[in-house]
Amino acid sequence: MLLSEATNAGGNFSLVPLVVFFPLIGLLLNIIFGGRLGEKAIGWLASLASGLAFGVAVLLGISLIGSHGAGVTVPFLDWITIGSLHLQWAFRVDTLSVTMMLVVGGVGTLIHIYAIGYMHEDVRHNGDPGRYRRFFVFFNLFIAAMMVLVSADNYLMLFVGWEGVGLCSYLLIGFWYDKGKDGIGNAIAGKKAFITNRIGDFGFLVASFLMFKFFQPLAEGGVFSFDFDSVAAIAPKVASPVILAITLFMLLGVAGKSAQLPLFVWLPDAMAGPTPVSALIHAATMVTAGVYLVARSFAIYSLVPAAQNWVAIVGGVTALFAATIAVAQFDIKKVLAYSTISQLGFMVAAVGMGAFVAGMFHLVTHAFFKALLFLSAGSVIQGMEHGHHAVEHDPLLRRKMKQNERLGSTHHFDPQDMRNMGGLRHRMKTTYWVYLAGALALAGIVPWAGFWSKDEILAEALHLNPAVYWLLTIAAFFTAFYMGRQVIMVFFGEPRSEPAAQAHENPPIMTVPLVILALLSTFGGFLNLPFIHTFTHWIEYTIHPAAEAAEAGAEAAAHAGPWYMWGGLNLIVAGLSTLLALIAIALAWMIYTRRVEALKSLPAARRPDDPLRSMLGPVFTGMEHKWWVDELYEFLIIKPYVAISRFLAEVIDWKFWHDFFHDTIIAGGYRGLAWIFANPIDLGVIDGIANGLAEGVRGLAAQARRIQTGFVRNYALSVFVGVVLIISYLVFQLR
């Protein structure tokens, strides 16, 4: 359906600028007045700003329902007019953008509320309570930037939000910039995210330049505006190789922002930021931007199957690759980080194959359970820190902990290391139950949300790209395994450290958002139940071809499909994936309970820290070291880059440019030329002329001085001679 102007569409569409303005107002109020407010007021003000943006998104959704899904564009101001380029700052309100607004605003608000309690402890644990206000200013800015991205009506406005979330990720990942390894580890993590995303942004920019070059001559009146409708209308008239190049360069941008191969390496290091940052980045904001970009660009991707195939392959390979790494991580947040990369692979593969509804559906459900898992992990971490605080204030427990560390029966205390945990289901019951709900949703167990969205992707993949289907199916098996491993290591068994034994639950300000997210993770999949397909009908108003095909397929399956189709759900695919997930969980249970018990007979020094290490050997080591991708990049890119930089700095810049060219050629030449002007020319010629004139005057004066005798007779004789000469001259003249 064509977009109409907001003024003619009615409803609440004119409110859409407020989804950006409310977070901006919140951060400005905290900047100006936050110094006079208490922590709770700062946090609640920021949360209210995000919540109001969510409220506007709800009103926009209601208006779309009232207009039967008819999208509108809301002009705000003329932005850029240069020659044949005319850009408006205009907001797009359709089912796709409003879906993203609801996810960003809703999940973002819950994370804000959770952060009120979390950051109260975190700023004190890190010794700088003054940064509390700064955190919420950055948090509101993140929401505002993401709202610009998802509400944009053209690619360049989208790029502003794209760059905004990149900036916010840098600010928040490196929030504790003076912490980490060597006091700069967190700052390096933020820089890594920023630089890696610049590579992806280069791809987006090149795609935009190509779009302007080849689309502008075909635009109506020769004026090109980069808006999505114009691009969709012009794209079929452009040569296929150009569209292929544009979409592949966009894929580079997607790989950077949504952490796909080969640009995924920044996302695990993003764990350096406070846990609410991890939740916001991984669930509701930055990493979903790439998936949204492909879904928004469905009109041009559908023209080039080769590009769609590349997107799907990148997503499938990334999903499996990251899932294997998550199996061997010990940091509770690192497991979830690689899980995010893997699940993003599912989404990218889906939108790449043309299954846009399935990809967006998984984006929504993933926002629920991944936000839940990260925030629950933050609850576990703070519970461990509370336990460690109790141990530090009890000399007996402190001695016991040090002794266990020396004997090797426990590891050096790290509140994020799962090897220090265990038995927390008894100490943190609320966190345990909500974490379990998130883990089951991520593992794809029916009826939790992840089951419905993941199996929709698998069903589409089986039909559209069988190779990607098997990649995703194997990745789903690993997903269930590493989540079973994590839940068992964190919550089951006996406490493996004194802090774990002393941990306790967090306050309601943190646990209430977890309960809400747990409910969403449990029932969120009902948005697109078989036979009903509510989410499919919702998205079809924006993404017409893919949604209509999905709807037709669902109706055919519901009425005349084969026996294994049930209201659009492929029972074979769903049954196989569920069976594999249950097998993986059972396998994790056997390894991390029975195998661990068997290994207890070994001396502590010989006991492996993970039973898989003794079972898989070098394979486990490879997964633990992330298949040495960072080391490979260090060897292939960073070290040569540093070597070239050092060569350019020390040899070219210093020795050649500074020492030789600057000092020898320029400075030496200047000195030589100055010597020539100073000595032969200035002293020899110019001074010689001046001195010669002076000598001539002096010689003339010496000769003239001889007639100055001082005798009156000589002067009288001179006067007489002069008179005679004058008279003689006059006589001769008269004659």
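- Atom CH2 of W628 is surrounded by more than 12 heavy atoms from other residues, nucleotides or ligands within 6.0 Å.
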### Query
Should E631 and K639 be marked as a salt bridge (charged side-chain N to carboxylate O under 4.0 Å, His left out) after you check the CA-CA gap, both sets of side-chain angles, and the distance that decides it?
CA-CA 10 Å; E631 289 79 2; K639 284 187 176 178; over 6 Å; no

### Query
Stepwise, does the side chain to side chain donor-acceptor pair (under 3.5 Å) test hold for T324 with W627?
CA-CA 9 Å; T324 62; W627 298 117; 3.0 Å; yes

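- In summary, the aromatic rings of F204 and F249 are positioned with their centroids too far apart to meet the 6.0 Å limit.
- Without hydrogens or angle criteria, S258 side chain to V287 main chain gives a donor-acceptor distance under 3.5 Å.
- Side chain of T196 to backbone of A193: no donor-acceptor contact under 3.5 angstrom is found.
- How far NZ of K192 is from CG of N197: 12.0 Å, rounded to the nearest 0.5 Å.
- Rounded to the nearest 0.5 Å, atoms CG (L210) and CD1 (I246) are 5.5 Å apart.
- Remark: L293 CG to L149 CG distance equals 8.0 Å, nearest 0.5 Å.
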### Query
Between D122 and W176, is a side chain to side chain donor-acceptor pair (under 3.5 Å) present by the stated rule, with each step listed?
CA-CA 10 Å; D122 196 55; W176 296 113; 2.9 Å; yes

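- Judged by distance alone, the side chains of D414 and N420 never bring a donor and an acceptor atom under 3.5 Å apart.
- Between the side chains of Q329 and Y482, not a single donor N or O lies within less than 3.5 Å of an accepting N or O.
- Between R134 and V137 there is no side-chain heavy-atom pair separated by less than 4.5 Å.
- At least one side-chain heavy atom of M146 sits under 4.5 Å from a side-chain heavy atom of V150.
- Counting only distance, with no hydrogens or angles, the side chain of T285 and the backbone of L280 share a donor-acceptor pair below 3.5 Å.
- Taking the six-membered ring for Trp and the full ring otherwise, the centers of F139 and F135 sit less than 6.0 Å from each other.
- The closest side-chain donor-acceptor pair between S379 and Y114, if any, does not fall under 3.5 angstrom.
- Residues L580 and F478 form no side-chain contact, since every pair of their non-hydrogen atoms from C-beta on lies 4.5 Å or further apart.
- For the pair R485 and F330, the distance from NZ or CZ to the six-membered ring centre is under 6.0 Å and the angle to the ring normal is within 45 degrees.
- The main-chain N or O of D609 is never found under 3.5 Å from a side-chain atom of R419 such that the two would form a donor-acceptor pair.
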### Message
Could you walk me through whether E650 and K655 satisfy the side chain to side chain contact (heavy atoms under 4.5 Å, CB included) test, starting with their C-alpha distance in whole Å, then the side-chain angles of each, then the deciding distance to 0.1 Å, before giving a yes or no?
### Response
CA-CA 6 Å; E650 295 179 358; K655 292 183 179 179; 5.6 Å; no

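- Ring geometry, H282 versus F374: the interplanar angle falls from 30° to 60°, so the pair is classed tilted.
- A donor-acceptor contact shorter than 3.5 Å links the side chain of K179 to the backbone of N126.
- Between K333 and D417 there is no salt bridge, since no side-chain N of the basic residue sits under 4.0 Å from a carboxylate O of the acidic one.
- Between M100 and L363, some side-chain heavy-atom pair lies under the 4.5 Å cut-off.
- Side-chain atoms of S297 never come within 3.5 Å of backbone atoms of V294 as a donor-acceptor pair (strictly under, hydrogens ignored).
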### Task
Kindly indicate, with the supporting measurements, whether the criterion side chain to side chain donor-acceptor pair (under 3.5 Å) is fulfilled by Y469 and E460.
CA-CA 8 Å; Y469 165 76; E460 294 278 6; over 6 Å; no

### Task
Report the C-alpha distance between I332 and M421 in whole Å, list the side-chain angles of each, state the deciding distance to 0.1 Å, and finish with yes or no for side chain to side chain contact (heavy atoms under 4.5 Å, CB included).
CA-CA 10 Å; I332 187 173; M421 299 177 189; 4.3 Å; yes

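- Here the straight-line distance linking atom CD1 of I591 with atom CG of L612 works out to 5.0 Å at 0.5 Å rounding.
- For the side chain to side chain contact (heavy atoms under 4.5 Å, CB included) with M483, the qualifying choice from L440, I585, L373 is L373, the only one to do so.
- Taking the six-membered ring where the residue is Trp, the centroids of W589 and F492 are separated by under 6.0 Å.
- The side-chain heavy atoms of Y292 and L158, taken from C-beta on, include a pair separated by under 4.5 Å.
- To the nearest 0.5 angstrom, M360 atom CE is 9.0 Å from R296 atom CZ.
- Judged by distance alone, with hydrogens and angles left aside, the side-chain atoms of Y633 form a donor-acceptor pair with the main-chain N or O of P262 at under 3.5 Å.
- Once rounded to the nearest 0.5 Å, the distance linking CD1 of I195 with CD1 of I199 reads 8.0 Å.
- For Y301 (side chain) and G352 (main-chain N/O), no donor-acceptor pair under 3.5 Å exists by modelled atom type.
- At least one side-chain heavy atom of R613 sits less than 4.5 Å from a side-chain heavy atom of E624.
- Listed for the W266 side chain is a donor-acceptor partner under 3.5 Å among the backbone atoms of G256.
- With hydrogens and angles disregarded, no donor-acceptor distance shorter than 3.5 Å links the side chain of T664 to the backbone of F661.
- If you look at F369 and H366, their ring centroids are closer than 6.0 Å.
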### Task
Go through the steps to decide whether L167 and E163 satisfy the test side chain to side chain contact (heavy atoms under 4.5 Å, CB included), and finish with yes or no.
CA-CA 6 Å; L167 169 64; E163 289 296 282; over 6 Å; no

